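In each ligand, atom 1 is the first atom listed, and ligand 1 is the first ligand listed. For the single chain, residues carry numbers from 1 onward in sequence order. All figures in this text were calculated on a predicted structure; none of them were measured in a lab.
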Amino acid sequence: MKITVIGAGLAGLTAAHRLQQAGFSVDVFEREQSPGGRMAEAHDVGLNYLTGARLVYSFSKSVMGLIRELDLTDQLCHGLRIPVSTCSLAGEHSVQMSPGPQLLFNSPLSYNQRLRLLQMGVGVAGRRFSTNPDRLLDWQHYDDGTLYEFLKQRSLDQASQIYIEPIFRGARGWRMTDVSPVFFLSTTAHMYGSHAYTFTDGIGLLTERLAENLDVTYCADVKNVSRAASGGNELSYEVKGLLHSMHADLVICAVPGSLSLSIVSQPTAEESQFFRCVKYSSGYIVHFGIDCLVEPSVRFFSRDVNPSIAAVEIVDQSRIPSSYLSRLSVYLSPEAVIARKSEPEVDGELPPIWNDLPDDVARHLDRGYGHVVQQNIENMLPLFYPGYLKELSAFESYQMRGKKQIYYAGDYMSHALLGGACRSGEVVAHAIIADWAD
Ligand SMILES: Cc1cc2nc3c(=O)[nH]c(=O)nc-3n(C[C@H](O)[C@H](O)[C@H](O)COP(=O)(O)OP(=O)(O)OC[C@H]3O[C@@H](n4cnc5c(N)ncnc54)[C@H](O)[C@@H]3O)c2cc1C
C-alpha cells in the first residue's frame, strides 16, 4: 500500500514517520525547498528569522515523546532567555513565559485581580490531569463565548489588559474578541511548572531529523487530489513548472486546513462542511538587519497603546552565521494585517509603521539599517472562534469512523501549537494502522 503525505510540516512528518515505522511505504510531497513548514528557520539576504514556532513546551506529550525517541533531548536548551514585556495603558511590565506563583506575589496586578486570577487558576488547574495538553477538544465545554467575554465575566479586566491581550495579539495574531477561551484555558492549565525550550541548533532540528529518514520530494506543489473510481487517489503536482501525476492508495493532507478544499476535488459533504469553517489568522513581520549590537528584547503591545504594531523583537545575531549583528523585527497588529490585505501591494514598499514605532526602536532604525525582509504569513494560526470545536468534533468523529481514502492532519485538528500538530499526525497514523494494516 502506497501512502502519500502532502506537506512536510510537523503534522505530516510525524504521520509519515509513524506509518513508516509500522511498515507502510510512505512518500511526502512538500512545496517548499526544505521541511518544517511553520517550524523552521529562514535565511534571506543575510538575515535569519523563524517561519513560525519559537518554543517547544515541555507539557506537550507528543512532541516531547518524539524528541526522546529521536535522541534529541541533549539538544534542548531553554528558549527565550531575553527580557519579555508587555506595554499597555498601565505601563510596561515584564512577563514570564511560563507563568507561576510569581504573578501573584510580584505583580502589577491589584490584590483583587490576583485573587480572581488565583480562583480561576485553581479551577483550571483542576482540569490539568483530565485533559490532554495537545488536544483542545478536551475543552469543548468552553467553546461558546469569546475570550474577551470569558475574562470580563470573571472581572479579570486588568490581567486581560496588562498581559493577555498584548500577548495574544503579538504572539498569536489573535484578538480576544475573535477567539473562544479554549486556547487560553488549555495553556493556562498546563503551563504551570513546564519549560519552554528550543534546540541548540535551531527550532527546525526536529522536522529536519524526521525528514532525513523519510522519502521527501521538495519543491513539489500538489495541485489536485481526486478519489479514483477504482479506489485510491489520483494526484497531480508541479515541480519546476512541470506537471506530474501519480496514484496513491491513501493520501494524508497535512497542509494548513484553509488550503484543503483548494487541493481536494469533489470533497465529501463532511469535508465541505468542516473545511468551510476552518479559518486562520494572518501575520506580517518586517525584519531589519542592524549593523550594531542592540540589547535583545521582546515587547508586546496592547491595541490601546499601539494600533498598528503588535510586537517588536530585537535578536542578537552575532553568534550565528549572519551578515548583521542584530535583527529588529516589527510584527503588524491584526488590524494592520487586515487593512494591508485590502490595499494594493506596491513591490518593496514597507507598511506604514513609522509613526507607531516606539522611540528607542525608531532611533535604532534612524541610525541606519541594512536589508529588510517582509514576511507574510498567510496561514499563521488556526482561529479557534466560538463554535469551532463543535465542527471539529463532528469532523474528527467522521475521520475516525471507518476506512477513508483521504485523511487530514494539522494543528487545526488538535491544538495551535507544535504539540497539536504532532498529535494530529499521530492520531491519523494510528487510524490508518488500525484500518488498513494487514
Ligand atoms: C508566528 C508563529 C509562532 C508560533 N509559535 C509557536 C511556539 O512558540 N510554540 C508552539 O508550540 N507553536 C507555535 N506556533 C504554532 C506551530 O508553529 C504550528 O502549530 C505548527 O508548526 C503547525 O504544523 P503543521 O504541520 O500543522 O502545519 P505547517 O507547519 O504549516 O505544515 C504544512 C506544510 O504543508 C506545505 N504545503 C502547503 N500546501 C502545499 C501543497 N499544495 N503541496 C505541498 N506542500 C504544501 C507547507 O509548505 C508546509 O510545509 C507558532 C506559529 C506561528 C505562525
Below 4.0 angstrom, N of the basic side chain to O of the carboxylate: do R327 and E41 qualify? no
At under 4.0 Å between heavy atoms, is it the side chain or the backbone of I6 that contacts ligand 1, or both, or neither? side chain
I'd like to know if K61 pairs up with E426 as an ion pair, taking the criterion as any Lys NZ or Arg NE/NH1/NH2 lying under 4.0 Å from an Asp or Glu carboxylate oxygen. no
Distance flag, aromatic centroids of F29 and Y237, threshold under 6.0 Å: yes
Nearest candidate to atom 38 (N) of ligand 1, where distance is taken over non-hydrogen atoms, out of V225, V255, L55: V255
So for ligand 1, is R54 a polar contact partner (N or O within less than 3.5 Å, distance only)? yes
Tell me which part of I263 gets within contact of ligand 1: side chain, backbone, both or neither, using heavy atoms under 4.0 Å. side chain
Check whether any N or O atom of E32, backbone or side chain, sits under 3.5 Å from an N or O atom of ligand 1, and answer yes or no. no
Among the heavy atoms of G36, does any lie under 4.0 Å from an atom of ligand 1? yes
Starting from atom 44 (N) of ligand 1, which protein heavy atom do you reach first, and at what distance in Å? R31 N, 3.2 Å
Identify, by atom number and element, the atoms of ligand 1 in contact range of L381, meaning under 4.0 Å from any of its heavy atoms. 15 (C), 51 (C)
4.0 Å heavy-atom contact, A254 with ligand 1: yes
Below 3.5 Å, N or O to N or O, backbone or side chain included: is there any such pair between L259 and ligand 1? no
Do F395 and F275 make the cut of ring centroids closer than 6.0 angstrom? yes
Salt bridge K279-D178, side-chain N to carboxylate O under 4.0 Å: no
Work out whether the distance between some heavy atom of P256 and some atom of ligand 1 is less than 4.0 Å. yes
Nearest to atom 13 (C) of ligand 1, what protein heavy atom do you find, and at what distance? A53 CB, 3.5 Å
Give a yes-or-no answer on whether the side chains of Y408 and Q399 include a donor-acceptor pair shorter than 3.5 Å. no
Applying a 4.0 Å heavy-atom criterion (strictly less than), which segment of Y412 is in contact with ligand 1: side chain, backbone, both, or neither? neither
Counting non-hydrogen protein atoms only, what is the nearest one to atom 23 (O) of ligand 1? Give residue, atom name and distance. A421 CB, 3.4 Å
For the aromatic rings, using the six-membered ring if either is Trp, is the centroid distance between W436 and F24 under 6.0 Å? no
Hey, could you give me the OG/OH distance between S326 and Y369, rounded to the nearest 0.5 Å? 16.0 Å
Between R175 and E335, is there a salt bridge with N-O shorter than 4.0 Å? yes
N/O of A416 under 3.5 Å from N/O of ligand 1, yes or no? no
When you measure from atom 27 (O) of ligand 1 to every protein heavy atom, which one gives the shortest distance, and what is it? R38 NH2, 3.0 Å
Looking only at distance, does D411 have an N or O less than 3.5 Å from an N or O of ligand 1? yes
Name the closest protein heavy atom to atom 14 (N) of ligand 1, giving the residue it belongs to and the distance to 0.1 Å. R172 NH2, 3.7 Å
Is any side-chain N of the basic residue among E69 and R209 closer than 4.0 Å to the acidic one's carboxylate O? no
Could you give the distance from CE (M176) to CD (E165), rounded to the nearest 0.5 Å? 5.5 Å
Between the side chains of K404 and E270, is the shortest nitrogen-to-carboxylate-oxygen separation below 4.0 Å, so that they form an ion pair? no
With a 4.0 Å cut-off on heavy atoms, does A220 reach ligand 1? yes
What I want to check is whether the side chains of N224 and S236 have a donor and an acceptor closer together than 3.5 Å. no
Could you tell me the residue and atom name of the protein heavy atom closest to atom 34 (O) of ligand 1, and the distance to it rounded to 0.1 Å? G7 CA, 3.3 Å
Show which atoms of ligand 1 fall inside a sub-4.0 Å distance from at least one heavy-atom site of D221. 40 (C), 41 (N), 42 (N)
What residue and heavy atom of the protein are closest to atom 48 (C) of ligand 1, and at what distance? E30 OE1, 3.5 Å
What residue and heavy atom of the protein are closest to atom 25 (O) of ligand 1, and at what distance? A11 N, 2.9 Å
